[in-house]
Structure formats: C-alpha cells, structure tokens
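Below is one structure, written out as structure tokens; comments come after it.
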Amino acid sequence: MSAKETGRIVSWHGNPSKPLYTPPPGAIDAHCHVFGPMADFPFSAKAKYLPQDAGPDMLFALRDHLGFARNVIVQASCHGTDNAATLDAIAKSNGPDGIQRARGVAVVDPAISDAELAALHDGGMRGIRFNFLKRLVDDAPKDKFLEVAQRLPAGWHVVIYFEADILEELRPFMDAIPVPLVIDHMGRPDVTQGPDGAEMKAFRAFLDSRDDIWFKATCPDRLDPNGDPWNSFADAVAPLVADYQDRVLWGTDWPHPNMQDAIPDDGHLVDMIPRIAPTADLQRKLLINNPMRLYWPEEISA
Ligand SMILES: O=C(O)/C=C(\CC(=O)C(=O)O)C(=O)O
C-alpha cells in the first residue's frame with residue numbers, strides 16, 4: 001500500500017545522490033533514526049507523526065551508499081519511550097567481526113529502574129534524550145528528567161533537543177545535569193543571522209559555560225530557509241566547528257522526521273561536511289575521533 005493510502009508519511013529521499021565528498025574510513029553518522037518496521041515495533045499512541053517504515057536495512061544501505069562505517073541511532077519521538085525498534089537496529093548492526101556498528105540514544109520514562117537502564121546499556125545505548133519541542137512531545141518534566149540524569153550508567157550523556165528561543169529558560173536545568181550534554185542541531189539557531197548573530201552568540205556563551213557541552217552541526221535542511229545548497233548554514237556553522245572542534249558531531253538526521261515538504265538529498269548533506277569542516281584534521285575529529293569518544297570509548301582506551 002502506498003503512503004497516500006495508509007496516511008503514513010515518507011520524509012526521506014528515494015534515490016539520494018552519491019556524495020562528491022568521501023568521508024574518511026571509519027566515519028560515523030552520529031544522528032539518525034529508525035521508524036519501525038511498524039508490524040514488529042508499533043508507533044507510540046502519543047506519536048505526533050506516523051511515518052512509513054524506515055528500518056535498519058534501509059539505514060545500513062544508506063550508510064554504505066554515503067561512505068560511512070557506523071551509526072548513532074537516536075530514538076525518535078514517534079516510538080515514545082519504547083526503545084525496542086532502536087535496540088533491534090543496533091543489534092542488527094553487528095558486523096562479522098562482532099563489532100557493534102551502531103550505538104544508540106534512548107528516550108525513557110523518567111521512572112525507569114536502574115536495572116532497565118543497565119539493560120539499555122547492554123543493548124548499546126550510551127545516552128538519553130530530553131526533547132523540549134512542543135510539536136513533538138506532550139510534556140517535558142524537568143524535575144523528573146534531572147532525577148534520572150543523576151543515575152545514568154557510567155559514561156552516559158544527555159542529549160537535549162530545544163529551539164533557540166528557550167535556551168535561556170533551560171539554562172538552570174541544563175546547568176544542573178551532572179553528565180556531558182549533547183545539543184541537537186546546535187539548539188536550532190537562526191543561521192540567516194550569520195556566524196555572529198544573536199542566537200549563535202547565545203549558543204557560544206552556553207558552550208563556554210562548561211567544557212563538557214557537545215553539539216551536533218546537523219540539519220542544514222531544517223535550519224536554512226534558503227534551501228539546498230544551504231549557504232547560510234555553511235557560513236554560520238563553519239566558524240563554530242573550527243572553534244569547538246573537539247566537541248562537535250555530525251549526522252544525516254535520516255529519515256528526516258517531519259521534513260516531507262522539503263526532503264533533503266542525503267548525498268548533498270554529506271557534501272556539506274567539507275564546507276563546515278574544511279581540513280582533513282577537522283573532518284577526522286568531526287566524523288571519527290569525537291563520536292568515538294562518546295559512543296565507542298572502549299576502542300580508544302583498548
Ligand atoms: O529528528 C530530529 O532531529 C528532529 C525532529 C524529530 C525528532 O526529533 C523526533 O521525532 O524525535 C524534528 O525536528 O521533527
């Protein structure tokens with residue numbers, strides 16, 4: 001049945017181009033999702049969008065097509081706090097060498113037990129995500145989030161998704177989180193303001209407040225209203241990557257939830273990498289060293 005018949009949305013490109021840029025061997029797509037498949041992993045009753053299936057086979061085919069080696073799969077809001085689809089994708093990522101080629105970020109009910117958190121760790125999760133976008137979640141209880149952030153498995157971090165207009169409001173909450181923070185899509189600044197715009201400046205001040213705040217230089221398609229080739233994004237984000245090069249991650253954001261009206265070509269997204277990280281050294285940090293430190297630290301210290 002087609003998406004039209006089922007009412008389920010397709011938000012990803014059916015035939016993404018081969019990027020001109022070749023990522024270095026071992027490169028990690030550190031922000032992507034899986035949807036379903038619904039027959040095995042039904043969507044949450046509270047889901048704000050109902051996508052077509054975009055499961056692990058599709059994700060790993062795209063990974064190979066784009067020239068990446070590993071993925072960090074972030075639990076998408078359409079699956080609520082049931083992480084089964086993400087855990088299934090991580091389990092299916094194991095290579096013949098036994099290396100888990102995907103790790104994940106979970107979304108949990110803050111009342112989750114310590115034993116359940118440990119089980120998520122065993123399944124490949126290395127962090128939890130707090131989503132503050134009202135169009136995606138019904139509520140975001142800061143007090144409960146803080147409680148669970150204080151009892152995460154060792155080495156975990158907290159991913160936070162918010163829009164620039166609530167950065168200041170969230171500061172006391174974020175300042176109190178005792179583990180590293182990873183900010184999705186740089187907290188969605190208005191990139192048309194340029195690298196020295198008010199929202200970029202506010203985000204830099206936040207980064208300067210702690211040296212364990214990381215960010216994802218992701219989603220030109222969401223942040224740049226001028227569209228592909230996303231020149232405003234490149235201009236605003238390249239200086240940020242250069243100045244905070246040891247705590248920045250990159251990802252496709254595939255299957256691009258809610259982007260059905262402006263679906264990006266994933267090959268073009270990959271071609272943004274040399275525009276925001278122009279040297280081989282920056283690219284190695286962005287695509288390998290930094291995500292390895294957060295998601296596969298045991299391979300670094302081994
Ligand atoms: O995937 C993203 O990064 C952004 C999303 C979707 C999302 O976060 C989710 O469904 O959990 C968005 O802005 O709609």
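Just follow the structure's listing: the first ligand is 1, and inside any ligand the first atom is 1. No hydrogens, no waters, no symmetry mates; every other heavy atom, side chains included, goes into these values.
The closest side-chain donor-acceptor pair between Gln260 and Tyr49, if any, does not fall under 3.5 angstrom. In this model, no donor atom of one side chain and acceptor atom of the other lie less than 3.5 Å apart for Thr81 and Asp109. Residues Thr192 and Asp190 bring a donor and an acceptor atom of their side chains to less than 3.5 Å of each other.
If you look at Phe60 and Phe68, their ring centroids are not closer than 6.0 Å.
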Please table the atom pairs, donor to acceptor, closer than 3.5 Å between any side-chain atom in residues 145-161 and protein atoms at least two apart or in another chain.
{"from": "Glu147", "atom 1": "OE1", "to": "Arg151", "atom 2": "NE", "distance (Å)": "3.3"}
{"from": "Glu147", "atom 1": "OE1", "to": "Arg151", "atom 2": "NH2", "distance (Å)": "3.4"}
{"from": "Glu147", "atom 1": "OE2", "to": "Arg151", "atom 2": "NE", "distance (Å)": "2.9"}
{"from": "Arg151", "atom 1": "NH1", "to": "Ile112", "atom 2": "O", "distance (Å)": "2.9"}
{"from": "Arg151", "atom 1": "NH1", "to": "Asp114", "atom 2": "OD1", "distance (Å)": "2.7"}
{"from": "Arg151", "atom 1": "NH2", "to": "Pro110", "atom 2": "O", "distance (Å)": "3.1"}
{"from": "Arg151", "atom 1": "NH2", "to": "Ile112", "atom 2": "O", "distance (Å)": "2.7"}
{"from": "Trp156", "atom 1": "NE1", "to": "His121", "atom 2": "ND1", "distance (Å)": "2.8"}
{"from": "Trp156", "atom 1": "NE1", "to": "Met125", "atom 2": "O", "distance (Å)": "3.4"}
{"from": "His157", "atom 1": "ND1", "to": "Arg126", "atom 2": "O", "distance (Å)": "3.3"}
{"from": "His157", "atom 1": "NE2", "to": "Tyr295", "atom 2": "OH", "distance (Å)": "2.8"}
{"from": "Tyr161", "atom 1": "OH", "to": "Arg188", "atom 2": "NH1", "distance (Å)": "2.8"}

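Taking the six-membered ring where tryptophan is involved, the planes of His31 and His33 are perpendicular, since the angle between them exceeds 60° and thus also 30°.
Annotation: ligand 1 has protein neighbours His31, His33, Tyr49, Ala76, Ser77, Arg129, Asn131, Arg135, Leu136, Tyr161, His185, Arg188, Arg222, Asp253, Pro257, Asn258, each with a heavy atom less than 4.0 angstrom from the ligand.
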